[in-house]
Amino acid sequence: MYKIVRKEVLNQAVVLMEVEAPYVAFRCEAGQFLIARIGEDGERIPLTIADYDREKNTITIVFQTLGYSTKKMAELEVGDSFTDFVGPLGTPAPFHDDWKRIIGVAGGVGTAPLYCQLKELHRRGVECDVIIGGRSAEFVILVDLFKEICKNVYIMTDDGTLGDKGVVTKKLEELINAGEKYDHVITIGPLIMMKFVVQLTKQHDIPTSVSLNPIMIDGTGMCGGCRVTIDGQTKFACVDGPDFDGFKVDFDECMKRQGFFKQEEHECNLGLS
Ligand code: NAD
Ligand code: FES
């Protein structure tokens with residue numbers, strides 16, 4: 001069993017949990033994910049790792065309460081346990097030794113897995129900036145953590161209740177036009193956001209990686225549920241990703257496939273939600 005040692009409700013829709021999982025904490029790298037389950041018959045929930053602590057043997061996850069299982073998960077308290085916490089899964093984020101200065105671009109709950117990547121890059125001596133976007137002030141998360149590892153933390157809210165008003169691409173464009181130079185951009189958040197980040201960085205020839213989280217079932221390359229098209233080739237996000245070269249991702253196909261099960265996800269056909 002995997003005991004919850006810390007819980008923070010970050011906003012009405014997002015919960016952070018630190019969980020004892022010695023094997024995952026020992027083996028994982030930034031960019032990888034795990035599959036959590038509550039109860040023997042529980043749904044398998046893939047979650048990109050938000051942080052890990054090899055000394056405390058813990059993993060931090062941050063999740064949005066969207067469907068039946070994540071709502072159940074959010075009801076767990078410190079001292080409760082997950083039945084399964086399987087990982088690390090997927091391929092570590094592809095960092096390059098020649099990166100000197102990068103910028104992360106995060107939207108909503110995607111801010112959490114970006115933290116794990118920037119923390120590791122900061123540890124390696126890479127100068128990091130970050131743009132964090134949210135619908136309004138309460139949806140902007142983990143700002144204080146980013147302040148510890150980033151030189152500049154830019155905040156954008158759709159309604160202007162915190163930071164500057166507008167979406168994250170507005171700030172990224174401003175920075176690029178102001179002459180800021182970055183070796184790489186890492187973006188994690190809604191597909192539509194990552195699509196527009198990539199559209200912008202392509203124009204300026206700044207290599208960009210994205211983290212995809214399509215529907216996953218087994219998380220080991222067996223079911224084909226997480227199929228994505230990268231550079232015209234079929235890849236599985238769970239084993240070939242979740243991080244990919246953003247210039248090569250077929251975002252329109254990803255968005256079409258993500259929308260496919262939306263109705264089923266929100267209207268539980270078992271009458272459980
Ligand atoms: P959201 O819809 O509230 O958007 C967050 C921010 O993204 C906005 O404030 C805005 O700045 C930016 N954004 C949204 N649409 C944009 C557009 N058209 N152009 C430019 N910027 C835009 O985000 P949410 O509801 O918190 O959802 C977060 C998303 O992150 C989910 O779709 C989830 O699937 C994804 N996610 C991915 C991972 C991963 O590992 N890949 C992990 C967690 C979450
Ligand atoms: Fe089944 Fe990736 S989740 S192949």
Side-chain angles (χ1 to χ4, degrees), residues 10-16 30-35 44-50 60-67 70 86-87 89-91 93 104-117 130-142 154-173 186-201 209-228 234-244 246 249 251 254-255 257-259 261-262 265:
L10 300 184
N11 59 48
Q12 51 170 290
V14 178
V15 177
L16 174 151
Q32 290 186 293
F33 69 102
L34 54 86
I35 291 186
R44 299 159 66 84
I45 303 172
L47 297 158
T48 312
I49 292 168
T60 301
I61 53 171
V62 174
F63 58 92
Q64 212 166 8
T65 51
L66 275 176
T70 44
V86 178
L89 298 166
T91 304
V105 182
V109 71
T111 306
L114 181 70
Y115 172 71
C116 197
Q117 295 204 23
V130 71
I131 305 171
I132 305 175
R135 269 168 271 162
S136 60
E138 70 163 314
F139 293 102
V140 175
I141 59 171
L142 309 181
Y154 304 101
I155 294 170
M156 300 297 291
T157 46
D158 300 6
D159 61 2
T161 46
L162 191 68
D164 289 354
K165 186 172 178 176
V167 292
V168 289
T169 41
K170 181 175 170 222
K171 178 58 74 183
L172 183 61
E173 192 164 21
I186 302 172
T187 182
I188 310 184
L191 281 168
I192 187 74
M193 178 199 96
M194 295 192 285
K195 176 181 166 167
F196 284 118
V197 168
V198 165
Q199 234 169 55
L200 180 64
T201 55
S209 48
V210 303
S211 175
L212 301 180
N213 66 335
I215 289 157
M216 289 190 187
I217 301 164
D218 61 300
T220 59
M222 304 284 282
C223 72
C226 67
R227 176 169 60 80
V228 290
T234 296
K235 299 280 178 192
F236 297 122
C238 68
V239 286
D240 301 313
D243 285 73
F244 292 101
V249 173
F251 284 104
C254 287
M255 285 189 275
R257 282 177 63 78
Q258 195 180 51
F261 295 105
K262 237 185 172 81
E265 193 171 271

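First listed ligand is number 1; within each ligand, the first listed atom is number 1.
Inter-residue side-chain proximity for Cys238 and Cys226 is flagged as met; some heavy-atom pair is nearer than 4.5 Å. Side-chain contact between Phe63 and Thr65 is present, with at least one heavy-atom pair separated by less than 4.5 Å.
Protein atoms of type N/O/S that fall under 2.8 Å from atom 2 (Fe) of ligand 2 number 2 in this view.
The nearest pair of heavy atoms linking Val228 to Ala237 is CG2-N, 4.3 Å.
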Evaluation steps, side-chain contact (heavy atoms from CB on, under 4.5 Å), between Gln199 and Thr169 = CA-CA 10 Å; Gln199 234 169 55; Thr169 41; over 6 Å; no
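When each of Leu172, Ile131, Val167 is tested with Val197 by the rule side-chain contact (heavy atoms from CB on, under 4.5 Å), just one qualifies, namely Leu172.
Sorted by chain then number, the residues whose non-hydrogen atoms approach ligand 1 to under 4.0 Å are Thr48, Gln64, Gly107, Gly108, Val109, Gly110, Pro113, Gly133, Gly134, Arg135, Asp158, Val167, Val168, Thr169, Ile188, Gly189, Pro190, Ile192, Met193, Phe196, Ser211, Leu212, Asn213.
In this view, Val109 and Val14, Val62, Gln64 satisfy the side chain to side chain contact (heavy atoms under 4.5 Å, CB included) rule, not counting sequence neighbours. Partners of Leu89 according to the side chain to side chain contact (heavy atoms under 4.5 Å, CB included) rule, which considers only residues two or more places apart in sequence or in another chain, are Phe33, Ile35, Thr220.
A donor-acceptor contact shorter than 3.5 Å links the side chain of Thr187 to the backbone of Val105.
Electrostatic pairing of Asp164 and Lys170 does not count as a salt bridge here, judged by no charged N lying under 4.0 Å from a carboxylate O.
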